[in-house]
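The structure under discussion appears below in the form of structure tokens.
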2 protein chains.
Amino acid sequence: MQNLLRSYQLFSEAEIESLGPFLRSRRLEKGDYLIKAGKICTEIAFVQSGLLRSYYTKDDGDEITYCFTFENTLMTAYSSLITGLPSSENIQALVPTELWVLQKRDLEALAQRSINWILLQKHLAEQQYVELEKRIFSYQKEKASERYRELLLAQPHYLQQIPLQYLASYLGITRRHLSRIRREMLERAN
Amino acid sequence: MQNLLRSYQLFSEAEIESLGPFLRSRRLEKGDYLIKAGKICTEIAFVQSGLLRSYYTKDDGDEITYCFTFENTLMTAYSSLITGLPSSENIQALVPTELWVLQKRDLEALAQRSINWILLQKHLAEQQYVELEKRIFSYQKEKASERYRELLLAQPHYLQQIPLQYLASYLGITRRHLSRIRREMLERAN
DNA sequence: CGATTTAGAGGACATTTGTCCCAAAAGCTT
DNA sequence: AAGCTTTTGGGACAAATGTCCTCTAAATCG
């Protein structure tokens, strides 16, 4: 996590070390939850190793994958963390996952002492926005097969670990259709 | 604009007034642009009256509407403002529009003097994120007719001013299909 | 290891959405 | 008012995507 913070070029080495006492190590087994829908999210997790999936549930009970989080990135039920409202997301480990967890209240305490922790939050929110905007664009202008193709390009090998049904709802389609898309890509490759 | 700032409960009255000298009034006629794709966006606009549309262009030349901005809200080519990269968005007035424009560099100067201007930026980024997340959800789980129905509910009368072709690409569909959806809603209403 | 669950491919058919048109209506310009 | 341009609605057909279901292979678990 410290390396991630360094990459933002906001912090002195002393500040980065001051974070240490607030980080709690946590291990999730496959299928364990970081947060469940209905709870208010009060923490931010850094994925040291492993893989997380965030999903929510439709009225008819179907699960829809909102996003995945790979190694060396941050994860939280961000809307709930921001608004203080109950989360609609469930965050679950797809494989055994090692985390460093920071409590929101500790981050706020740090922010009282150095403005850089506020700048960090601003920066993260902006980054997340830019990511989502790209995703909106892809929903607006691409058909599902193109969205899948781009996902394959962007996440070379991580995707191997993800069941196709999760990828399908992430892309906004059914597993049946993703199966079709994959077959067409194979046929075209030969 | 001052009322909008008050609503965030971040600023003293003095701080809000300190913004005044940096605001430039600007009027756009119907069809005029606030920013064009390819330029780097360096300003934030408050829509005093009127209506803006942001759109980008597909490779095949089709225009896709990214969002609309109604009265009493802020608008900018946000990704470009954040990243400093050229904008992929065009922002255009759909009707005669009165703006107050703030330069990014002036906001940064204010932020040097009071941390509250940084907190404002953090808050705005977070708000924008939450909005986009909702939109992703609607693309993932609803069909176009439901997205249109919800849009009608959320934006009661503003929508009257917006040509249907713009609404269609905002919803991620063609105008042919939006026409069908509208007809079905009419038939069901009788 | 065998039994049970879960993931994946795909057939058959239904629904949604797109493409390519054209014509009427509405808005703008001179 | 006449003549543009833009907007809207919709027919006919094609493509994309969903639903329901079945079969098989792979993963999991006791």
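By convention in this document, chain letters (A, B, ...) are assigned in the order of the sequence lines, proteins followed by strands, and residues within each chain are numbered from 1.
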Subject >> Terminal axis angle for the helix from C:dC1-D:dG30 to C:dT30-D:dA1, five pairs an end, nearest 10 degrees >> reply: 60°

Between side-chain atoms of residues 105-115 of chain A and protein atoms elsewhere (two or more places apart, or another chain), which donor-acceptor pairs fall under 3.5 Å?
{"unit_1": "A:Ser114", "atom_1": "OG", "unit_2": "A:Glu15", "atom_2": "OE2", "d": "2.7"}
{"unit_1": "A:Ser114", "atom_1": "OG", "unit_2": "A:Asn116", "atom_2": "N", "d": "3.1"}

Mind checking what makes ring pair (Phe, Tyr, Trp, His ring centres under 6.0 Å) contact with [X], not counting sequence neighbours?
{"X": "B:His177", "value": "none"}
{"X": "B:Tyr139", "value": "A:Tyr139"}
{"X": "B:Trp117", "value": "B:Phe11"}
{"X": "B:Phe46", "value": "none"}

Subject >> Distance-minimising heavy-atom pair for B:Leu164 and B:Arg182 >> reply: CD1-NE, 3.4 Å

Original post:
Applying salt bridge (Lys or Arg N to Asp or Glu O under 4.0 Å), which residue pairs with at least one partner in residues 49-62 of chain B are found, sequence neighbours left out?
Top reply: B:Arg53-B:Glu63, B:Lys58-B:Asp60

**OP:** Provide the full list of salt bridge (Lys or Arg N to Asp or Glu O under 4.0 Å) pairs with a residue in residues 31-44 of chain A, sequence neighbours left out, each pair given once.
**Re:** A:Arg26-A:Glu43

Original post:
If the sugar-phosphate is the primed atoms plus P, OP1 and OP2 and the base is the rest, what is the B/S/- string for nucleotides 17-24 of chain C, using protein heavy atoms under 4.0 Å?
Top reply: BBBB----

What is the distance from [atom1] of [X] to [atom2] of [N], rounded to the nearest Å?
{"X": "A:Arg183", "N": "C:dG8", "atom1": "CZ", "atom2": "C1'", "result": "12 Å"}
{"X": "A:Glu63", "N": "C:dT6", "atom1": "CD", "atom2": "P", "result": "12 Å"}
{"X": "A:Lys30", "N": "C:dT6", "atom1": "NZ", "atom2": "P", "result": "11 Å"}
{"X": "A:Leu164", "N": "C:dG10", "atom1": "CG", "atom2": "C1'", "result": "13 Å"}
{"X": "A:Glu187", "N": "C:dA9", "atom1": "CD", "atom2": "P", "result": "13 Å"}

Original post:
Taking any atom under 4.0 angstrom from a heavy atom of chain B, which nucleotides of DNA chain D are the first and last to qualify, 5' to 3'?
Top reply: D:dT7 to D:dA12

Can I get a per-line list of side-chain donor-acceptor pairs under 3.5 Å for residues 66-73 of chain A, giving both atom names and the distance, sequence neighbours left out?
{"unit_1": "A:Tyr66", "atom_1": "OH", "unit_2": "B:Tyr129", "atom_2": "OH", "d": "2.8"}
{"unit_1": "A:Tyr66", "atom_1": "OH", "unit_2": "B:Glu133", "atom_2": "OE1", "d": "3.4"}
{"unit_1": "A:Glu71", "atom_1": "OE2", "unit_2": "A:Gly50", "atom_2": "N", "d": "3.4"}
{"unit_1": "A:Thr73", "atom_1": "OG1", "unit_2": "A:Phe70", "atom_2": "O", "d": "2.7"}

Original post:
With a cutoff of under 4.5 Å between side-chain heavy atoms, which Ile, Leu, Val, Met, Phe, Trp and Tyr residues group with B:Tyr55?
Top reply: B:Tyr33

Original post:
Hey, are B:Glu187 and B:Arg183 close enough for a salt bridge, meaning a charged N less than 4.0 Å from a carboxylate O?
Top reply: yes

